[in-house]
Amino acid sequence: MSDANQTIKDAVTGNDVVLFMKGTKEMPQCGFSSRVAGVLNYMGIEYADVNVLADETIRQGIKDFSDWPTVPQLYVKGEFVGGCDIITEMTLSGELDTLFTDNGVTFDKDAADKIREANG
């Protein structure tokens with residue numbers, strides 16, 4: 001197993017929620033990463049962020065790991081959830097709330113409701 005693959009596996013299995021993104025949760029470096037990080041930050045989710053721009057082997061490795069061609073990529077309890085469009089849809093439908101609840105991930109339900117109200 002390559003070092004990049006092991007690093008990815010460790011991040012995915014070692015954190016309840018992890019976002020592979022361009023930039024960091026404090027300073028996203030693309031609009032899609034910013035949108036997903038913004039949702040997670042607003043909902044008060046504790047999550048690890050992995051900046052794929054810092055390491056080209058991680059940037060390509062996460063695409064191979066998930067068999068998903070784009071970044072950002074969100075993982076919850078070791079399972080790939082999706083990228084920006086999927087996370088946006090799940091947030092607006094309430095599916096993301098259910099996913100977090102079912103996996104014991106603490107989040108601000110009022111904040112999630114406010115996102116839906118603002119986008120309804």
Side-chain angles (χ1 to χ4, degrees):
M1 184 180 292
S2 73
D3 288 344
N5 201 37
Q6 187 61 52
T7 299
I8 291 165
K9 188 174 183 178
D10 290 348
V12 168
T13 59
N15 297 283
D16 286 347
V17 181
V18 62
L19 180 63
F20 289 84
M21 62 184 294
K22 293 179 180 176
T24 64
K25 58 183 157 185
E26 295 86 14
M27 189 170 289
Q29 298 292 305
C30 86
F32 300 114
S33 292
S34 180
R35 177 178 290 170
V36 176
V39 166
L40 298 177
N41 291 342
Y42 190 75
M43 290 174 64
I45 304 292
E46 287 189 33
Y47 67 100
D49 56 338
V50 177
N51 181 1
V52 300
L53 298 177
D55 186 336
E56 181 58 39
T57 61
I58 299 293
R59 185 176 184 176
Q60 182 57 47
I62 191 59
K63 296 173 187 178
D64 296 338
F65 184 84
S66 63
D67 197 26
W68 191 260
T70 59
V71 172
Q73 293 186 16
L74 181 67
Y75 289 78
V76 175
K77 295 286 185 154
E79 296 294 322
F80 175 60
V81 179
C84 183
D85 290 345
I86 290 171
I87 300 309
T88 299
E89 289 174 21
M90 290 179 73
T91 302
L92 296 178
S93 72
E95 288 178 84
L96 196 61
D97 298 35
T98 301
L99 177 71
F100 289 144
T101 299
D102 290 351
N103 283 284
V105 175
T106 303
F107 69 100
D108 183 339
K109 176 80 167 104
D110 290 337
D113 289 339
K114 285 179 185 174
I115 293 171
R116 284 186 284 281
E117 287 170 18
N119 291 281

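Because the structure is a prediction, the values reported are computed rather than measured.
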Worksheet item: Please walk me through it: do Ile45 and Val105 pass side-chain contact (heavy atoms from CB on, under 4.5 Å)?
Response: CA-CA 8 Å; Ile45 304 292; Val105 175; 4.2 Å; yes

Which distance, rounded to the nearest 0.5 Å, do you find between the [atom1] of [X] and the [atom2] of [Y]?
{"X": "Met21", "Y": "Tyr47", "atom1": "CE", "atom2": "OH", "value": "5.5 Å"}
{"X": "Ile8", "Y": "Thr13", "atom1": "CD1", "atom2": "OG1", "value": "11.5 Å"}
{"X": "Thr91", "Y": "Leu96", "atom1": "OG1", "atom2": "CG", "value": "4.5 Å"}
{"X": "Thr98", "Y": "Asn103", "atom1": "OG1", "atom2": "CG", "value": "10.5 Å"}
{"X": "Glu46", "Y": "Asp16", "atom1": "CD", "atom2": "CG", "value": "9.0 Å"}
{"X": "Arg35", "Y": "Leu40", "atom1": "CZ", "atom2": "CG", "value": "13.0 Å"}

Item to complete: Take atom CG of Asp67 as the centre, draw a 6.0 Å sphere, and report whether it contains more than 12 heavy atoms from other residues, nucleotides or ligands.
Response: no

Discussion item. Counting neighbours of CD on Glu79 that are heavy atoms of other residues, nucleotides or ligands and sit closer than 6.0 Å, is the number greater than 12?
Written reply: no

Worksheet entry | Centroid-centroid distance, Phe65 to Phe20, less than 6.0 Å | no

Taking all heavy atoms of [X] and all of [Y], pick out the closest pair and write down the distance.
{"X": "Val18", "Y": "Asn15", "answer": "CB-CB, 4.3 Å"}
{"X": "Leu19", "Y": "Pro72", "answer": "CD1-CB, 3.8 Å"}
{"X": "Asn5", "Y": "Ser2", "answer": "N-OG, 3.0 Å"}

For the pair [X] (side chain) and [Y] (backbone), establish whether a donor and an acceptor sit closer than 3.5 Å, ignoring hydrogens and angles.
{"X": "Gln73", "Y": "Thr70", "value": "yes"}
{"X": "Ser33", "Y": "Lys22", "value": "yes"}
{"X": "Glu95", "Y": "Glu89", "value": "no"}
{"X": "Asp49", "Y": "Thr24", "value": "no"}

Fill in: Partner of Leu99 by side chain to side chain contact (heavy atoms under 4.5 Å, CB included), out of Ile87, Val17, Val81
Val81

Fill in: Ile115 vs Met43, side-chain contact (heavy atoms from CB on, under 4.5 Å): CA-CA, chis, key distance, verdict
CA-CA 9 Å; Ile115 293 171; Met43 290 174 64; 4.0 Å; yes

Worksheet item: Linking I/L/V/M/F/W/Y whenever their side-chain heavy atoms sit closer than 4.5 Å, directly or via other members, would Ile86 and Val52 fall into one cluster?
Response: yes

Discussion item. When you group the ILVMFWY residues by side-chain heavy-atom contacts below 4.5 Å and let the links chain together, are Leu53 and Phe32 in the same group?
Written reply: no

Practice prompt. Please report the C-alpha distance between Asp64 and Gln60 in whole Å, then the side-chain angles of each, then the deciding distance to 0.1 Å, and finally whether the side-chain contact (heavy atoms from CB on, under 4.5 Å) criterion is met.
Written response: CA-CA 7 Å; Asp64 296 338; Gln60 182 57 47; 3.0 Å; yes

Worksheet item: After noting the C-alpha distance and the side-chain angles of Asp97 and Arg116, does the key distance pass the side-chain contact (heavy atoms from CB on, under 4.5 Å) rule?
Response: CA-CA 11 Å; Asp97 298 35; Arg116 284 186 284 281; 2.8 Å; yes

Worksheet item: Do NZ/NE/NH1/NH2 and the carboxylate oxygens of Asp113 and Lys109 come within less than 4.0 Å?
Response: yes

